Enquirer: 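Below are the structure tokens for one structure; questions will follow.
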2 protein chains.
Amino acid sequence: MDTTQRTDQQRSADRRRRELLEAADRVVLRDGPQASMNAIAAEAGITKPILYRHFGDKGGLYAALAMRHTDALLDSLRAALDAPADRRERVEATLDTYLAAIEARPQVYRFLMHPAEGSGPGDSGFDVGKHSAPLLRRMGEELAQVIEERLDLGPGGQQLARVWGHGIVGMMHAAGDWWLGERPCSRAELVRSLADLLWGRLAAAGDRVGGPGF
Amino acid sequence: MDTTQRTDQQRSADRRRRELLEAADRVVLRDGPQASMNAIAAEAGITKPILYRHFGDKGGLYAALAMRHTDALLDSLRAALDAPADRRERVEATLDTYLAAIEARPQVYRFLMHPAEGSGPGDSGFDVGKHSAPLLRRMGEELAQVIEERLDLGPGGQQLARVWGHGIVGMMHAAGDWWLGERPCSRAELVRSLADLLWGRLAAAGDRVGGPGF
DNA sequence: CGTGCATGTTACTTGCGGTAACAGCAGTCT
DNA sequence: AGACTGCTGTTACCGCAAGTAACATGCACG
């Protein structure tokens with residue numbers, strides 16, 4: 001039987017694939033999302049065609065790379081989301097987990113958010129229609145599911161949960177992106193401010209009185 | 001004096017520049033953000049080097065193009081934000097204005113959000129560090145200013161307003177992006193749901209009871 | 001008339017994504 | 001043993017897009 005044989009080969013191929021992904025990871029971490037296939041191949045000690053045999057095209061490699069990090073980050077977020085604690089505390093823990101992740105490895109984070117939409121000749125495999133980073137979508141859906149499972153939102157609750165899931169993720173992402181660039185405050189302060197926003201402090205705040213004649 | 005002369009020439013150059021931008025606009029509207037310089041030049045009835053003389057490089061052209069749309073959208077948003085109405089109504093009007101804009105011209109919107117990060121040889125002019133679309137940043141800052149002007153947030157209010165500005169803009173953007181792709185509900189419903197989120201309905205919602213043993 | 005100067009062109013370089021086509025090197029089947 | 005398969009790896013190439021150099025033309029000014 002060639003089954004054992006095949007399994008051996010597959011194992012080897014998988015190991016190689018993992019090595020290649022790790023090399024790609026190093027390069028992306030160093031050069032950012034615009035790392036070239038040549039550079040990645042060189043880092044892995046091989047040449048381009050092998051990369052293409054393993055991943056099809058650049059989109060495939062990037063998708064595989066993104067999947068790893070996305071999975072890892074989503075695991076952390078799920079843990080924070082599932083902690084046995086007050087709702088507010090859980091939300092703050094989740095925000096903090098995300099922000100800590102992007103703070104620790106900004107290059108990876110930037111890469112995840114800009115999956116290099118098809119720029120080559122043939123279609124590179126990325127649908128322009130759903131251009132937004134898959135990570136955001138996945139996080140949004142995930143959060144929506146948690147919200148819908150945990151909260152009693154009445155009729156139409158499922159849709160509401162999805163809107164909120166994507167909305168909250170977007171809020172987290174944009175605020176985090178801005179914060180990474182300007183560092184106007186500590187992470188803890190940012191977390192508190194965002195949680196305050198979600199807790200309706202915007203709606204509850206009082207109007208300012210100083211407006212002259214307006 | 002050559003002043004009048006120069007003014008004439010400058011006028012002519014500005015007109016030309018505007019024509020080129022409009023041509024570029026048409027192409028981007030048709031081909032999406034990955035429109036090539038050749039295609040844009042062809043649409044304008046000229047050849048590449050002229051584009052480069054006018055805009056420096058692709059990044060320059062894209063920046064100029066983005067500026068136009070960004071300005072236009074920001075004007076609409078400011079109008080909605082400044083309407084004489086209830087705070088909730090103003091927030092909903094702003095959300096709706098943004099969503100209507102991206103719904104009407106998705107290609108332009110996508111272009112604005114993905115400014116084609118430097119892919120060419122030399123540095124294309126876009127700083128990778130602040131990769132996020134300038135539109136998002138500008139909207140965030142704008143909203144932050146309005147919030148800070150209008151609301152009495154106590155000490156640290158300015159920072160809070162900035163966090164909220166960028167957070168809300170991100171929420172709007174991500175939810176809008178997702179909504180554009182899936183169209184799970186009407187625009188009005190989406191607006192209501194997002195406003196509800198900002199009004200703290202997430203924090204106020206009751207826990208679900210069905211969880212067995214959890 | 002020649003001198004500036006903006007406008008326009010063709011033709012080129014560079015670099016990247018992607019693809020043949022070929023070269024070893026296992027193990028397998030007859 | 002020898003042909004066959006299937007994987008890994010190479011060099012050399014194509015096509016395309018960004019960006020540039022060098023040349024050509026129309027037009028005002030002295």
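As the structure is a prediction and not an experimental result, all values here were calculated from the model. Just so it is clear: chains get the letters A, B, ... in the order the sequence lines come, proteins before strands, and each one is counted from 1.
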Enquirer: Should we count CD of A/Gln158 as having more than 12 external heavy atoms under 6.0 Å?
Expert: no

Enquirer: Quick check: do B/Ile147 and B/Ile168 have side-chain heavy atoms less than 4.5 Å from each other?
Expert: yes

Enquirer: Using ring centroids (six-membered ring only for Trp), state whether B/Phe111 and B/Tyr62 fall under 6.0 Å.
Expert: yes

Enquirer: Over how many whole Å does the gap from A/Phe55 atom CZ to C/dG17 atom P extend?
Expert: 15 Å

Enquirer: Nearest-Å distance, CG (B/Asp57) to C1' (D/dA18)?
Expert: 9 Å

Enquirer: Could you check how far CG of A/Leu51 sits from C1' of C/dT19, rounded to whole Å?
Expert: 14 Å

Enquirer: Can you check the A/Lys58 NZ to D/dC16 P distance for me, whole Å?
Expert: 19 Å

Enquirer: Would you call B/Arg138 and B/Asp71 a salt bridge, using N to O less than 4.0 angstrom?
Expert: yes

Enquirer: Tell me the interatomic distance from A/Tyr52, atom OH, to C/dC16, atom P, rounded to whole angstroms.
Expert: 11 Å

Enquirer: Ring of B/Trp179, cation from B/Arg183 - is the NZ or CZ under 6.0 Å from the centre and inside 45° of the axis?
Expert: yes

Enquirer: Just how far, in rounded Å, is P of D/dA18 from CD of A/Gln34?
Expert: 16 Å

Enquirer: Taking only nitrogen or oxygen atoms into account, show me every contact under 3.5 Å that the protein makes with nucleotides 9-13 of chain D, one pair per line with its distance.
Expert:
residue : atom : partner : partner atom : Å
D/dG9   : OP1  : A/Arg16 : NE           : 3.4
D/dG9   : OP1  : A/Arg16 : NH2          : 3.3
D/dG9   : OP2  : A/Arg16 : NE           : 3.0
D/dG9   : N7   : A/Arg53 : NH2          : 2.4
D/dG9   : O6   : A/Arg53 : NH2          : 2.9
D/dT10  : OP2  : A/Thr47 : N            : 2.8
D/dT10  : OP2  : A/Thr47 : OG1          : 2.3

Enquirer: Starting at atom CG of B/Asn38, determine the distance to atom C1' of C/dC12, rounded to an integer number of angstrom.
Expert: 14 Å

Enquirer: Could you state the CD-C1' distance from B/Glu19 to C/dT7, rounded to the nearest angstrom?
Expert: 13 Å

Enquirer: Just by distance, do the side chain of A/Arg87 and the backbone of B/Leu202 share a donor-acceptor pair under 3.5 Å?
Expert: yes

